Peer 1: 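Below you'll find the structure I mean.
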Amino acid sequence: MSLLLPAFQKLLDEQHWKRASQNLVRKRRPREEGTLPLVKINGRTLINFCGNDYLGLSAHETVINAAKAALDKFGFGSGASQLVSGYTILHRQLEEALAEKTGRDRALVFSTGYMANQAIINGLMGRGDLVAGDRFNHASLIDAAIISRARFKRYPHCDTAVLTTLLNQHNKGKKMIVTDAVFSMDGDIAPLEELSAIGKQHEALLVVDDAHGFGVLGKSGCGALEEQGLGQADVPLMMATFGKALGGFGAFVAGDADLIEALTQTSRTLIYTTAPPPAIAAAALAALELLGTEPWRRTKLRELITQFIRGATERGIPLSGSDTAIQPIIQGSAESALNASQYLFEQGFWIAPIRPPTVPAGTSRLRVTLTAGHEPAQVDALLESLAIALEKCRN
Ligand SMILES: *Cc1c(COP(=O)(O)O)cnc(C)c1O
C-alpha cells in the first residue's frame, strides 16, 4: 500500500491516468551491452536509429583511450566545482581548442548543454529585458528564459517577421534572440544569416544553440555557423554540446571574451555544480581533434542521409524536408507513433516515438537519426521495415 500523502496520491494518479489514456507514458529501455549503433535490449540485438552519436565517436578507440589515460592520471571525479578545485589542465586545453576551432575569443566548458543554456540566458538577462525565442527551440532554452525573469516571447517557427515586430515593441532593457541552429525534433536549420542581421539592426544579442550541427555541419565540422560563414561578429555567443556528434558528455559556450568572462564569474550552473570529470574533458578534446583528422565520417553521414531521403521518397515514406541527420516522419497521433515504433522494435530497429509535450499535439513522430556508425545496408533494411510500419500504423 502506498504511504504517499493523499494530496500527492490523488494528483499523481490523475496525471498517470491522463498520460496512459493519451498514449503518453514514457518507458526507459535499459541497454544491456554493445557500442553504438548496435545495442542489446532484453537479450536482443537492435540497430539504434534514435541516438545523437552522429559521427560514431562514442565508440572511437582514440576517444576511449583519451578518457582512460585521463582516468589513470587524474582519477574519476573532479572533486569540486570549477572555481574551487575541479578545473584541470584538460578542461583548460579543451577550452583553448574549442576557441581555436570555432574562431571565437574564448570558450567555457559546462557539465551539460542544459546548464550552459541556463548560464547564457539566466546569467545575462533579467527583469525588464526581452528574450525572443523560436517556438521550436530546445526545452533547455525555454526553461532558461523562464527562470531569467526576463520578458519571454516565443515567435512562430523561423518567422523573422514576427520576431522583428517583437523586437520593435521592446524599447527598454536588453534584448536577446535565441535559436536552435538545427532544430532537434525537425532537423531543419534556422535562418541564421537573417537572424544575425536582425540582431545587429535591433541591438539584440544573438545566441545560437548548435547542439545538432556542431561536428556534423561545416567544412571542418564546426557546425551550422561555419556552414553559413557566420563568425563571432555575426553571432556573439554560440553553444554546442559534447553529447551529440562528439560522442561524449558536456557542453561549451564560445564567443566574445567579455561575455565569456562574465559567464565564468556569474553562472550559477557553473559555480554551484561539480566540474565535469577530467576524463570527460579529455574525451571531448580527442573527439574535437577527430573532426579534423577523420572528415570521412561527415562524408559518410552525408551519403547515408542522401540514401535515406532517396529511399524514403521512392517508397512513398513522407519526409519533412529536413536535410540533416535528423529525419522526422510525422504521423500525427501518439498512438500511431507508438505502434510504429513497437513494430520496428520487433523488426530489430530502435526508433523511440516522439510525442507531446516534446512536440506539439497532433505531430507525434518517429524521429530517425542517422550516424556515420550505420552502414548502407542497415539504412536500406530500415527503409523496408519503415514503409511497412507506416502502412500498418496509420492514424
Ligand atoms: C541536447 C540538447 C541540449 C542539451 O544538451 P545536454 O548536454 O544534453 O544537456 C541543448 N540544446 C539542444 C538543441 C539539444 O539538442
Side-chain angles (χ1 to χ4, degrees), residues 28 36 50-55 57-58 82 91 94-95 98 102 107-123 131 133-148 154 157-158 176-190 192 195 206-217 223-225 227 235 237-255 263 267-270 273-277 279-281 283-284 287-288 322 324-328 352 354 357-359 365 367-371:
R28 293 177 298 168
L36 299 172
C50 59
N52 304 318
D53 182 22
Y54 297 122
L55 300 177
L57 295 184
S58 77
Q82 292 192 34
H91 298 90
L94 174 60
E95 289 178 344
L98 286 164
T102 58
L108 182 61
V109 166
F110 284 83
S111 294
T112 68
Y114 191 98
M115 295 160 96
N117 283 338
Q118 284 279 331
I120 295 170
I121 303 180
N122 194 24
V131 177
D134 191 289
R135 183 158 285 283
F136 285 4
N137 274 353
H138 191 262
S140 57
L141 293 170
I142 296 169
D143 295 357
I146 292 170
I147 289 171
S148 77
R154 299 170 76 185
H157 186 46
C158 295
M176 178 183 274
I177 305 168
V178 287
T179 187
D180 283 20
V182 178
F183 289 90
S184 54
M185 295 301 133
D186 291 81
D188 58 333
I189 299 177
L192 297 170
L195 291 174
L206 175 61
V207 174
V208 174
D209 174 339
D210 200 16
H212 292 281
F214 191 73
V216 176
L217 300 176
L225 299 177
E227 187 157 282
V235 179
L237 214 44
M238 66 165 290
M239 72 78 74
T241 74
F242 309 138
K244 279 131 192 175
L246 265 57
F249 184 79
F252 72 96
V253 179
L263 292 180
S267 298
R268 299 176 69 82
T269 51
L270 181 97
T273 198
T274 302
I280 296 280
L288 192 66
S322 159
T324 65
I326 300 169
Q327 291 289 330
I354 308 287
T358 309
V359 292
R365 65 196 67 185
R367 172 181 174 272
V368 173
T369 50
L370 300 160
T371 78

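A quick note: this is a predicted structure, and the numbers were derived from the prediction, not measured. For the numbers below, each heavy atom of this structure counts, side chains included, while hydrogens, waters and symmetry mates do not. Each ligand, and each atom within it, is numbered from 1 in the order the structure gives.
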Peer 1: Starting from the C-alpha separation in whole Å, work towards a yes-or-no answer on side chain to side chain contact (heavy atoms under 4.5 Å, CB included) for Met176 and Val207.
Peer 2: CA-CA 7 Å; Met176 178 183 274; Val207 174; 3.8 Å; yes
Peer 1: List the steps, then state whether salt bridge (charged side-chain N to carboxylate O under 4.0 Å, His left out) holds for Asp186 with Arg367.
Peer 2: CA-CA 8 Å; Asp186 291 81; Arg367 172 181 174 272; over 6 Å; no
Peer 1: Taking atom types as modelled, find out whether Ser322 and Thr324 have a side-chain donor-acceptor pair closer than 3.5 angstrom.
Peer 2: yes
Peer 1: Using heavy atoms and a threshold below 4.0 Å, how should the contact between Asn117 and ligand 1 be classified: side chain, backbone, both, or neither?
Peer 2: side chain
Peer 1: Apply the test side chain to side chain contact (heavy atoms under 4.5 Å, CB included) to residues Phe249 and Thr241: give CA-CA distance (whole Å), side-chain angles for both, the deciding distance (0.1 Å), then the verdict.
Peer 2: CA-CA 7 Å; Phe249 184 79; Thr241 74; over 6 Å; no
Peer 1: Would you kindly specify which portion of Ala251 sits under 4.0 Å from ligand 1, judged on non-hydrogen atoms: side chain, backbone, both or neither?
Peer 2: neither
Peer 1: Nearest to atom 9 (O) of ligand 1, what protein heavy atom do you find, and at what distance?
Peer 2: Tyr114 N, 2.9 Å
Peer 1: Which atoms of ligand 1 sit under 4.0 Å from any heavy atom of Ser140?
Peer 2: 10 (C), 11 (N)
Peer 1: Run the side-chain contact (heavy atoms from CB on, under 4.5 Å) test against Ala190 and tell me which residues pass, sequence neighbours left out.
Peer 2: Thr179, Phe183, Leu192, Leu195
Peer 1: Quick one about Asp134 and His157 (side-chain donor to acceptor, distance below 3.5 Å, no hydrogens or angles considered), yes or no?
Peer 2: yes
Peer 1: How would you list, by chain and number, every residue that makes a side-chain contact (heavy atoms from CB on, under 4.5 Å) with Ala254, sequence neighbours excluded?
Peer 2: Thr102, Arg104, Ala107, Met238, Phe252
Peer 1: What atoms of ligand 1 come within less than 4.0 Å of a heavy atom belonging to His212?
Peer 2: 14 (C), 15 (O)
Peer 1: Check each heavy atom of Thr241 against ligand 1 and say whether those closer than 4.0 Å belong to the side chain, the backbone, both or neither.
Peer 2: side chain
Peer 1: Below the 3.5 angstrom mark, is there an N/O of Ser184, backbone or side chain, next to an N/O of ligand 1?
Peer 2: no
Peer 1: List ligand 1 atoms under 4.0 Å from Thr112, heavy atoms only on the residue side.
Peer 2: 7 (O), 9 (O)
Peer 1: Rounded to the nearest 0.5 Å, what's the gap from OG1 on Thr371 to CG on Asn52? Could you check?
Peer 2: 10.0 Å
Peer 1: Any idea which atoms of ligand 1 are less than 4.0 Å away from a heavy-atom of Asp180?
Peer 2: 13 (C)
Peer 1: For ligand 1, does Lys244 get within less than 4.0 Å through its side chain, its backbone, both, or neither, judged by non-hydrogen atoms?
Peer 2: side chain
Peer 1: Considering only the protein, which heavy-atom contact is closest to atom 11 (N) of ligand 1, and what is its distance?
Peer 2: Asp209 OD2, 2.5 Å
Peer 1: Which atoms of ligand 1 have any heavy atom of Gly113 under 4.0 Å away?
Peer 2: 4 (C), 5 (O), 6 (P), 7 (O), 9 (O)
